[in-house]
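Worksheet: one structure, shown below.
First listed ligand is number 1; within each ligand, the first listed atom is number 1. Nothing fancy with the numbering, it's 1 onward along the sequence.
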Amino acid sequence: MGKNNKGGRQLLKSRKEELLVLNNPKSPVAEAFRQIRTNLSFISPDEPLQTVLFTSSAPSEGKSSVLANLAVSMVQNGNKVIIIDADLRKPMQHKFFEMTNFNGLSNVLSGEIDFATGLRETGIDGLKLISAGSIPPNPAELLASRKMEEILAKARAEADLVFIDTPPVLAVTDAVILASKVDGTLLVVASHQTEQKLLLKAKELLVNARANILGVILNKYPVHQLNRYHYYHYYG
Ligand SMILES: Nc1ncnc2c1ncn2[C@@H]1O[C@H](COP(=O)(O)OP(=O)(O)OP(=O)(O)O)[C@@H](O)[C@H]1O
Ligand SMILES: [Mg+2]
C-alpha cells in the first residue's frame, strides 16, 4: 500500500501493515510486545525509564519496526508516548503512521519551527510523533547540540515515555551521541543476521559513551512450525 501527498512532492509508502500490535492484537507478535512492555517496567522500578533509545549494530535489524510496535503497545496500556525519529539519514517512523515528514526534528533543531509545531498527532490516541524532518547535511552535529537536550526535556514533560529511533551504531556516530542523553538504550538484534563480532563492537561503543544498555530485543526469530517470522525477546 502506498500513496502520494497532494503535491506529489513526497512519496508516502506506508509501513502501517507492520504495526501488528495494532492490526492483530491477539497475534503471538502482539503478545511478545506485551511481554517486552512488562519486562521494561521491571528493569527500573524505582526510577521509571522515560527516554528510551532504540538502536542496533548494523542496518535493517528492525529498530524502527520494533520501536513503532512497542510504542503502540505502551499506548494500549494507557501510557502517553512520544516517538522521536532521530534517524535523520533514513527517516522511517512517519511511514508507520501514514504521515508526511515535513516539519520534523531537523527543522526544530535548526530553529525553523518550534517544538509544538514539530510534535504531531499520529491518529492513535496517546501517541505523538516528531518525525525526522528534512535530511540535513550535518545530522551528528545537530543531535549533539544543546537544542537536542531541550527537545528531550520538553518531550519528557509531555509524555510518560519517549522512544527515540536512531541509525545503526556502527554506521554513524548519531546513536552513540544520543545514548548518553537518554535514560536507557535497547539494542535490536536480528536473529541469523547480526554478527556477534559486530554486536560486541556496538556494545563497546555504547558502554564507552556511558550508555545505560537495558538489554537486547531479538527480532526476526524464525518460527519454523508456523513457517513465518516472529518477534522474540530476551534481556541480559
Ligand atoms: N520480525 C520481522 N520479521 C520479518 N521482517 C522484518 C521483521 N522486522 C523487520 N523486518 C523487515 O526488515 C526490514 C528492516 O526493518 P526496519 O526498517 O524496521 O529496520 P531498521 O533496523 O530500522 O533499519 P535501518 O537500519 O534501515 O534503520 C524491513 O523490510 C522490515 O519489514
Ligand atoms: Mg530504521
In this structure, CD of Gln35 is separated from CG of Leu40 (nearest 0.5 Å) by 12.5 Å

Judging by distance only, is a nitrogen or oxygen of Gly62 under 3.5 angstrom from one on ligand 1? yes

- [ ] Would you check whether Ser56 has a nitrogen or oxygen atom less than 3.5 angstrom from a nitrogen or oxygen atom of ligand 1?
- [x] no

The option among Glu61, Lys220, Met92, Arg15 carrying the non-hydrogen atom nearest to atom 16 (P) of ligand 1 is Arg15

- Query: Given Ser57 and Glu61, is the side chain to side chain donor-acceptor pair (under 3.5 Å) satisfied, shown in steps?
  - Reply: CA-CA 8 Å; Ser57 55; Glu61 299 197 49; 3.0 Å; yes

A student comparing Gln193, Glu17, Lys63, Gln93 should find that the heavy atom closest to atom 20 (P) of ligand 1 comes from Lys63

With heavy atoms and a 4.0 Å threshold, my read on which part of Asp87 contacts ligand 1 is side chain

Counting only protein N/O/S atoms, those under 2.8 Å from the Mg ion (ligand 2) total 1

Within 4.0 Å of some non-hydrogen atom of Lys90, the atoms of ligand 1 are 26 (O)

Here the atoms of ligand 1 under 4.0 Å from any heavy atom belonging to Ser65 are 18 (O)

For this session: List the steps, then state whether side chain to side chain donor-acceptor pair (under 3.5 Å) holds for Thr51 with Arg156.
Result: CA-CA 7 Å; Thr51 47; Arg156 292 178 84 104; 3.2 Å; yes

message: Is it the case that the side chains of Ser64 and Asp165 hold a donor-acceptor pair, with the cut-off being a distance below 3.5 Å and no angle test?
response: yes

Exercise. Looking at Glu150 and Lys147, does any basic side-chain N land under 4.0 Å from a carboxylate oxygen?
Worked result: no

key: Nitrogen or oxygen of Thr166 less than 3.5 angstrom from that of ligand 1   = no

Pairs of donor and acceptor atoms involving the side chains of residues 73-82, under 3.5 Å and at least two apart or interchain, shall be tabulated with distances.
from: Ser73; atom 1: OG; to: Arg37; atom 2: NH1; distance (Å): 3.2
from: Gln76; atom 1: NE2; to: Val21; atom 2: O; distance (Å): 3.2
from: Asn79; atom 1: ND2; to: Met74; atom 2: O; distance (Å): 3.1

Using distance only, find each side-chain donor-acceptor pair of residues 195-210 under 3.5 Å and give its atom names and separation, not counting sequence neighbours.
from: Asn208; atom 1: ND2; to: Glu204; atom 2: O; distance (Å): 3.4

Here the atoms of ligand 1 under 4.0 Å from any heavy atom belonging to Pro59 are 25 (O)

For Asn219, the atoms of ligand 1 under 4.0 Å from one of its heavy atoms are 1 (N), 2 (C), 7 (C), 8 (N), 9 (C)

Any N or O of Glu18 closer than 3.5 Å to N or O of ligand 1: yes

Between Ser14 and Lys95, a side-chain donor and acceptor under 3.5 Å = no

Less than 3.5 Å apart, which donor and acceptor atoms pair up between the side chains of residues 112-120 and the rest of the protein, not counting sequence neighbours?
from: Glu112; atom 1: OE1; to: Asn107; atom 2: ND2; distance (Å): 3.2
from: Glu112; atom 1: OE2; to: Asn107; atom 2: ND2; distance (Å): 3.3
from: Glu112; atom 1: OE2; to: Ser110; atom 2: OG; distance (Å): 2.8
from: Asp114; atom 1: OD1; to: Thr117; atom 2: N; distance (Å): 3.0
from: Asp114; atom 1: OD1; to: Thr117; atom 2: OG1; distance (Å): 2.5
from: Arg120; atom 1: NH1; to: Thr100; atom 2: OG1; distance (Å): 3.3
from: Arg120; atom 1: NH2; to: Thr100; atom 2: O; distance (Å): 2.8
from: Arg120; atom 1: NH2; to: Ser131; atom 2: OG; distance (Å): 3.1

The side-chain hydrogen bond (donor to acceptor under 3.5 Å, both in side chains) partner of Thr166 among Asp85, Thr185, Thr55 is Thr55

key: Under-4.0 Å salt bridge between Asp174 and Arg89   = yes

